[in-house]
Engineer: 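Structure in structure tokens, see below.
Since the model is a prediction, treat every value here as computed from it, not as a measurement. Along the sequence shown, residues carry numbers from 1.
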Amino acid sequence: MPGVMTNTIANKLMKERVPSGGGPWRLLTFMIFVLAVFLFSYLGLAFGYRKFVEAQIDDKKQKLIQLAEEIPKPQQD
């Protein structure tokens, strides 16, 4: 009986093998993808959106200066 039990356990262990197929490479690929997304987001905000915001600020400053010129100096004081 012990030989049959050992043989059955060995058969079960052989049938229930864990598939090993590139788990670390998948994780590495995913992490490189995440890094690329963060990098492109940062560069887009740093170089694209910053220029847009600075242009909007300059536009509002010019409108404020024009508004200040429309009101006479004695009335401003």
Side-chain angles (χ1 to χ4, degrees):
M1 207 53 158
V4 173
M5 184 175 233
T6 307
N7 192 17
T8 306
I9 293 173
N11 285 338
K12 284 185 178 180
L13 288 175
M14 287 183 153
K15 289 179 184 176
E16 296 180 11
R17 283 194 172 170
V18 177
S20 59
W25 287 109
R26 288 182 189 172
L27 181 61
L28 180 65
T29 305
F30 176 72
M31 293 309 296
I32 289 172
F33 172 75
V34 169
L35 177 67
V37 168
F38 279 116
L39 184 64
F40 288 134
S41 297
Y42 172 76
L43 293 175
L45 288 172
F47 295 110
Y49 190 65
R50 178 180 288 169
K51 300 281 185 190
F52 172 75
V53 170
E54 288 173 353
Q56 292 292 321
I57 290 171
D58 290 340
D59 184 45
K60 299 301 177 191
K61 282 183 182 179
Q62 290 299 324
K63 287 183 180 180
L64 187 60
I65 290 171
Q66 287 176 353
L67 183 62
E69 290 173 355
E70 291 178 5
I71 300 173
K73 189 69 170 167
Q75 191 176 6
Q76 288 181 11
D77 293 338

Engineer: Just jot down the salt bridge (charged side-chain N to carboxylate O under 4.0 Å, His left out) partners of D58, sequence neighbours excluded, or say none.
Structural biologist: none
Engineer: How long is the span from the CD1 atom in I65 to the CD atom in E70, to the nearest 0.5 Å?
Structural biologist: 12.5 Å
Engineer: Roughly how far, to the nearest 0.5 Å, is the NZ atom of K63 from the CG atom of D59?
Structural biologist: 4.5 Å
Engineer: Kindly write out the residues that satisfy salt bridge (charged side-chain N to carboxylate O under 4.0 Å, His left out) with K51, not counting sequence neighbours, or none if the list is empty.
Structural biologist: none
Engineer: Going by atom type alone, with no hydrogens or angles, which donor-acceptor pairs under 3.5 Å involve a side-chain atom of residues 21-42 and a protein atom two or more places apart or on another chain?
Structural biologist:
{"unit_1": "T29", "atom_1": "OG1", "unit_2": "W25", "atom_2": "O", "d": "2.7"}
{"unit_1": "S41", "atom_1": "OG", "unit_2": "V37", "atom_2": "O", "d": "2.8"}

Engineer: Assigning hydrophobic clusters by single linkage (Ile, Leu, Val, Met, Phe, Trp, Tyr; side-chain heavy-atom cutoff under 4.5 Å), is I57 placed with F52?
Structural biologist: yes
